[in-house]
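Sharing a structure below in structure tokens format, with a few things to ask.
One-based numbering along the sequence shown. All ligand and atom numbering here is 1-based and tracks the order in the structure.
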Amino acid sequence: MKRPVAYVAGTGKGVPAKVMTNHDFAALGLETDHNWIVERTGIVERHIARDDETTCTMAAEASREAMAKAGVGPGEIDCIILSTATPDRLLPATAVDLQAEIGATRASAFDISAACSGWIYGMTVAEGLIQSGVVETALVVSAEKMSAIVDWKDRSTCVLFGDGAGAVVLKRNKTAHASNKGILSAFMRSDGTLAELLWRPSGGAKVPFSAGVLDDRSTFLKMAGREVFKHAVRSMSEACDRALDGAKLRGDDIDVLIPHQANVRIIEATAKYANISMDKVYVNVDRYGNTSSASIPIALDEAIVSGRVKEGTTALFVAFGAGFTWGSMVIRF
Ligand code: UT7
């Protein structure tokens, strides 16, 4: 494929107002402490949705902001791709609720299930649709209500996650080859043999939801943290290489690394491998926790608002998540 064919025209985020600090877990009777969470993960606080805040409402807030910044009306969106591990219901997709909510009447809309790598997957699919000529303007949204699926009695997982959404308007780049602005490379990979290291064992068609799955807590998210950590570092490192190779760039050429925000120790190890100094890495896991696929577009929106990403910036994005899935992308802004 001759790149770049698509560029980021606008970004937005939708984050619940309610903040839960590490100290607030004591009130849930959980045996944990602020220092453990900070030392092991870098997380200080996370945003938690109210009951009436859903994956769709957070996605809509992020989408409206991204469309406003892109100067694109809902009627101009050809396709909505929504990545989530927490769809508001199993059928139909949350993306169609979002379509109705924002009034994107001309759009096709579908969900992507790729866990924390969902934004990279969604962007890559959107770029392909633009390249093929099917789509001119895509809305790629990642929205996660992780608080609805974590086990609030399991200290090894519930302290890690947060809620939120991020959105990007991706447009065909009509002057792409002249300006060299847009997606310069993309890489995606999965390994389904390792699915049970990070999963929800029940609640789907194989083990349908029943009172029993609440009793045995198998409908909540389970994670073999230490195993996932090792794979995350290895796979994100590989993914950095692949995206850099694809863009014919080296670590030194990257102005900003925006990684999936799961754990600051994973981020540091990935940056070191990619030969990118930490002052070039955007980190906000301290304020949001792990918002799954929403973490990268939330971070990107913040980086643009704060001026860390601006016209001419070359950014590397890298993610890893359940599946396992992983992927990376280089974008020039
Ligand atoms: O986003 C998708 C990908 N997800 C990730 O990338 C997450 C990857 N994994 C991790 O980030 C880390 O493995 C964790 C943060 C989940 C855990 O950190 P760790 O350094 O790997 O700790 P551990 O699981 O080896 O547990 C160390 C100890 C254990 O106690 P013992 O067995 O040594 O006595 C745990 O029971 O820490 C204990 N522990 C806690 N203590 C206080 C586990 N959770 C907590 C807690 N508070 N919340």
Notebook entry, point to check: To which protein heavy atom is atom 15 (C) of ligand 1 closest, and what is the distance rounded to 0.1 Å?
Noted result: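 So the nearest neighbour among protein heavy atoms is T41 CG2, 3.5 Å.
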
Notebook entry, point to check: Does the protein put any heavy atom within less than 4.0 Å of atom 44 (N) of ligand 1?
Noted result: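 So atom 44 (N) of ligand 1 has protein heavy-atom neighbours under 4.0 Å.
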
Note to self: For atom 47 (N) of ligand 1, what is the closest protein heavy atom, and at what distance to 0.1 Å?
What the structure shows: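 I find the closest protein heavy atom is T32 OG1, 2.7 Å.
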
Check: CZ of R250: more than 12 outside heavy atoms within 6.0 angstrom?
Finding: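 Counting neighbours around CZ of R250, 12 or fewer heavy atoms of other residues, nucleotides or ligands fall under 6.0 Å, so no.
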
Item checked: For A262, the ligand 1 atoms whose distance to one of its heavy atoms is below 4.0 Å ->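 The atoms of ligand 1 under 4.0 Å from a heavy atom of A262 are 1 (O), 5 (C), 6 (O).
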
Next item on the list: Considering only protein heavy atoms, determine whether one is less than 4.0 Å from atom 34 (O) of ligand 1.
Entry: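 Given the 4.0 Å limit, the answer for atom 34 (O) of ligand 1 is no, no protein heavy atom qualifies.
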
Note to self: Nearest 0.5 Å, please: how far is CG in N284 from OG in S295?
What the structure shows: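 Spacing of OG (S295) from CG (N284) equals 7.5 Å.
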
Next item on the list: From atom 18 (O) of ligand 1, work out which of H34, E227, R265, M236 has a heavy atom at the shortest distance.
Entry: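 Result: the heavy atom closest to atom 18 (O) of ligand 1 is in R265.
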
Next item on the list: From atom 17 (C) of ligand 1, work out which of W326, W36, F320, F229 has a heavy atom at the shortest distance.
Entry: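 Shortest heavy-atom distance from atom 17 (C) of ligand 1: W36.
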
Next item on the list: Applying side-chain hydrogen bond (donor to acceptor under 3.5 Å, both in side chains), run through S147 and D163 and close with a yes or a no.
Entry: CA-CA 7 Å; S147 61; D163 300 334; 2.6 Å; yes

Margin query: Going by the closest heavy atom to atom 13 (O) of ligand 1, which one wins out of G42, G289, G225?
Written below: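 Minimum heavy-atom distance to atom 13 (O) of ligand 1 goes to G225.
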
Check: Nearest protein heavy atom to atom 2 (C) of ligand 1, by residue and atom, and its distance?
Finding: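 I find the closest protein heavy atom is C116 SG, 3.3 Å.
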
Note to self: Could you tell me, atom by atom, which parts of ligand 1 come under 4.0 Å of a heavy atom of V159?
What the structure shows: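 Near V159, the atoms of ligand 1 are 48 (N).
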
Next item on the list: Nearest heavy atom to atom 19 (P) of ligand 1 wins, so pick from R40, Q261, K230, E39.
Entry: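 It is R40 that holds the nearest heavy atom.
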
Note to self: Under 4.0 Å and counting heavy atoms only, is there anything from the protein next to atom 29 (C) of ligand 1?
What the structure shows: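 Under 4.0 Å from atom 29 (C) of ligand 1, zero protein heavy atoms found.
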
Notebook entry, point to check: Hey, is E136 close enough to R106 for a salt bridge, meaning N to O under 4.0 Å?
Noted result: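 Salt bridge between E136 and R106, a charged N being under 4.0 Å from a carboxylate O: no.
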
Item checked: Verify atom 9 (N) of ligand 1: protein non-hydrogen atom under 4.0 angstrom away ->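 Answer yes: something from the protein, a heavy atom, is under 4.0 Å.
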
Margin query: So which atom in S293 and which in A115 form the shortest heavy-atom distance, rounded to 0.1 Å?
Written below: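 Residues S293 and A115, closest heavy atoms: CB-O, 3.2 Å.
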
Notebook entry, point to check: Step by step, would you call S190 with Y121 a side-chain hydrogen bond (donor to acceptor under 3.5 Å, both in side chains)?
Noted result: CA-CA 11 Å; S190 313; Y121 275 51; 2.8 Å; yes

Check: Tell me, which protein residue and heavy-atom name are nearest atom 14 (C) of ligand 1, and how many Å apart are they?
Finding: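 That would be N263 ND2, 4.5 Å.
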
Checklist line | Proximity of I266 to ligand 1 by residue part, where a heavy atom lies under 4.0 Å | finding: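 Just the side chain.
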
Checklist line | Gap separating the CG atom of N35 from the CZ atom of R40, nearest 0.5 angstrom | finding: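 Atom-to-atom, N35:CG and R40:CZ are 12.0 Å apart.
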
Notebook entry, point to check: Looking at atom 5 (C) of ligand 1, what's its closest protein heavy atom, distance included?
Noted result: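 Heavy-atom neighbour on the protein nearest atom 5 (C) of ligand 1: V228 CG1, 3.7 Å.
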
Notebook entry, point to check: Please walk me through it: do E61 and R64 pass salt bridge (Lys or Arg N to Asp or Glu O under 4.0 Å)?
Noted result: CA-CA 5 Å; E61 188 182 340; R64 287 192 183 100; over 6 Å; no

Check: Does atom CG of D52 have more than 12 heavy-atom neighbours from other groups under 6.0 Å away?
Finding: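 Yes, enclosed.
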
Note to self: Closer than 3.5 angstrom, by distance alone: can the side chain of K13 be matched with the main-chain N or O of L300 as a donor-acceptor pair?
What the structure shows: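 No; zero donor-acceptor contacts below 3.5 Å.
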
Item checked: Location of contacts on N290 toward ligand 1, heavy atoms closer than 4.0 Å ->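 Only the side chain of N290 comes within reach of ligand 1.
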
Note to self: To check your reading of the model: name the closest protein heavy atom to atom 16 (C) of ligand 1, its residue, and the distance in Å.
What the structure shows: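 Ranked first by proximity to atom 16 (C) of ligand 1 is L160 CD1, 3.8 Å.
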
Notebook entry, point to check: Heavy-atom count around L90 CG within 6.0 Å, excluding the residue itself: above 12?
Noted result: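 12 or below, so no.
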
Next item on the list: Measure from atom 48 (N) of ligand 1 to every heavy atom in R155, H260, R226, M223 and give the option owning the shortest one.
Entry: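 Looking at heavy atoms only, the winner is R155.
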
Next item on the list: Over 60° means perpendicular and under 30° means parallel, so classify the ring planes of W119 and F317, tilted if in between.
Entry: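 F317 and W119: tilted rings.
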
